[in-house]
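Everything below concerns the one structure shown next.
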Amino acid sequence: MFTTALIQRDQTQPGALPLDLFAAIESLKKELNAVILAHYYQEPDIQDIADFIGDSLQLSKAAADTNADVIVFAGVHFMAETAKVLNPDKMVLLPDVNAGCSLADTCPPKEFAEFKAAHPGHLVVSYINCSAEIKAMSDIICTSSNAVKIVQQIPKDVPIIFAPDRNLGRYVMEQTGRDMVLWQGSCIVHETFSEKKIVQLKIAHPEAEAIAHPECEPAVLRHASFIGSTAALLKYCQQSPTQEFIVATEPGIIHQMQKAAPSKHFIPAPPINNCNCNECPFMRLNTLEKLYLAMKNRAPEITMSEEIRLAALRPIQRMLEMSV
């Protein structure tokens with residue numbers, strides 16, 4: 001079976017942290033010839049220190065194009081894995097070894113292999129939010145930015161398995177008219193938004209537009225005036241004349257929305273319970289301190305076998321080719 005691994009040296013006695021972490025990280029970047037890639041869902045400090053901020057598609061392209069010797073990936077495990085797949089000769093660091101993904105966890109490789117075998121002749125399109133093992137069993141990878149475009153390019157007589165997110169798969173089916181076999185995975189963050197509370201917010205803020213990520217449940221999507229990837233949501237709120245938005249995705253993106261449109265008001269869509277469940281607990285494991293320590297200690301480092309890397313590389317390359 002394919003396996004991936006994280007190399008983690010002892011960080012239990014890191015010593016005193018520098019007073020100015022921003023300056024210390026900049027110094028380490030020069031020393032290592034490192035680049036910091038950060039997802040929109042990271043904490044504001046990490047977004048502000050990053051060399052590149054983006055959604056999964058943008059970050060995949062940035063990882064493929066970088067000339068750095070070291071990639072520090074401020075995101076979750078599958079994102080750092082993708083960077084390693086694209087850059088086998090570079091060191092790829094993940095600030096926190098436990099920064100996983102609830103969606104990726106819903107698609108175990110053994111069970112997915114059995115699911116795939118039960119649907120022979122199907123082309124497998126997998127959302128990038130999955131493990132390297134699932135990518136290795138896929139024909140094409142997609143992101144929320146390009147999933148519709150990818151599926152539209154597949155001949156209509158070719159049956160498709162779409163994994164692992166059922167909500168994104170359902171949305172793609174609606175947009176393309178294609179019937180697909182869906183793996184029943186989901187994201188704990190995008191499942192948690194409350195339709196009732198969003199309706200209440202729209203009543204309280206009648207001029208506000210609701211915008212949503214396609215990983216959200218259908219009950220939430222039907223109240224959105226715009227549905228798109230994280231990057232698409234950011235672009236939309238900049239271009240729309242609307243001054244107030246209810247944002248149904250992980251609220252880390254609001255930091256960039258406020259920077260891009262400081263005169264506008266952004267309201268994070270509330271979860272069903274009175275909790276911080278609309279924040280990804282895995283994304284938020286990364287901190288500026290952990291990012292500094294990862295660079296200082298050169299760990300945790302992402303590694304994987306060449307067998308799985310090459311198998312996962314092919315569907316990622318197909319995605320990049322079909323996204324031009």
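These numbers were taken from a predicted model, which means no experiment stands behind them.
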Check this for me: does any side-chain nitrogen of one of [X] and [Y] sit under 4.0 Å from a carboxylate oxygen of the other?
X      : Y      : value
Lys30  : Glu26  : no
Glu321 : Lys149 : no
Arg284 : Glu250 : yes
Lys135 : Glu81  : no

Would you say the side chain of [Y] lies within less than 4.5 Å of the side chain of [X], judging by non-hydrogen atoms?
X      : Y      : answer
Val70  : Lys90  : no
Glu244 : His265 : yes
Leu103 : Glu215 : yes
Pro251 : Glu279 : yes
Ser144 : Tyr127 : yes
Val199 : Lys202 : no
Phe266 : Lys264 : yes
Val92  : Glu301 : no

Find out if a path of hydrophobic residues (ILVMFWY) with successive side-chain heavy-atom gaps under 4.5 Å connects [X] to [Y].
X      : Y      : result
Ile302 : Phe282 : yes
Met257 : Ile198 : yes
Leu17  : Leu32  : yes
Ile141 : Leu182 : yes
Ile267 : Val220 : no

Please determine, by modelled atom types, if [X] and [Y] share a side-chain donor-acceptor pair under 3.5 angstrom.
X      : Y      : answer
Glu209 : Ser240 : yes
Ser56  : Thr143 : no
Thr176 : Gln152 : no
Glu133 : Ser131 : yes

So which of Ile25, Leu21, Leu94, Leu93 actually passes side-chain contact (heavy atoms from CB on, under 4.5 Å) with Leu291?
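Result: among Ile25, Leu21, Leu94, Leu93, Ile25 is the only option passing the side-chain contact (heavy atoms from CB on, under 4.5 Å) with Leu291.
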Only residue of Met322, Arg178, Met173, Gln175 satisfying side-chain contact (heavy atoms from CB on, under 4.5 Å) with Val151 is Arg178
How about Glu306: does its CD atom have over 12 heavy atoms from other parts shown lying under 6.0 Å from it?
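Atom CD in Glu306 is packed in, count exceeds 12.
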Other residues, nucleotides, ligands: >12 heavy atoms within 6.0 Å of Asp20 CG
yes
Can you tell me how far the [atom1] atom of [X] sits from the [atom2] atom of [Y], to the nearest 0.5 Å?
X      : Y      : atom1 : atom2 : value
Trp183 : Cys130 : CH2   : SG    : 12.0 Å
Met319 : Lys61  : CE    : NZ    : 8.0 Å
His223 : Lys196 : NE2   : NZ    : 13.0 Å

Can you list, pair by pair, the side-chain donor-acceptor contacts under 3.5 Å of residues 158-166, counting residues two or more places apart and other chains?
| residue | atom | partner | partner atom | Å |
| --- | --- | --- | --- | --- |
| Asp165 | OD2 | Asn167 | N | 3.0 |
| Asp165 | OD2 | Leu168 | N | 2.6 |
| Arg166 | NH2 | Glu191 | OE2 | 2.7 |

Please state whether the rings of His190 and His213 are parallel, tilted or perpendicular, taking 30° and 60° as the class boundaries.
tilted
Where do Ala64 and Asn87 come nearest, in terms of heavy atoms and distance?
N-ND2, 4.4 Å
Contact summary for Ser323 and Ile150, nearest pair of heavy atoms
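Result for this residue pair: OG-CD1, 4.2 Å.
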Taking ring pair (Phe, Tyr, Trp, His ring centres under 6.0 Å) as the test, write out the residues that go with [X], two or more places apart.
X      : value
Tyr171 : none
Phe22  : none
His122 : His119
Tyr41  : His39

Table please: side-chain donor-acceptor pairs of residues 44-54 below 3.5 Å, with sequence neighbours left out.
| residue | atom | partner | partner atom | Å |
| --- | --- | --- | --- | --- |
| Gln47 | OE1 | Gln256 | NE2 | 2.7 |
| Gln47 | NE2 | Tyr40 | O | 3.0 |
| Gln47 | NE2 | Gln42 | O | 2.7 |
| Gln47 | NE2 | Gly252 | O | 3.1 |
| Asp48 | OD1 | His255 | NE2 | 3.0 |
| Asp48 | OD1 | Lys259 | NZ | 3.1 |
| Asp51 | OD1 | Lys29 | NZ | 2.6 |
| Asp51 | OD2 | Lys29 | NZ | 3.3 |
| Asp51 | OD2 | Ile36 | N | 2.8 |

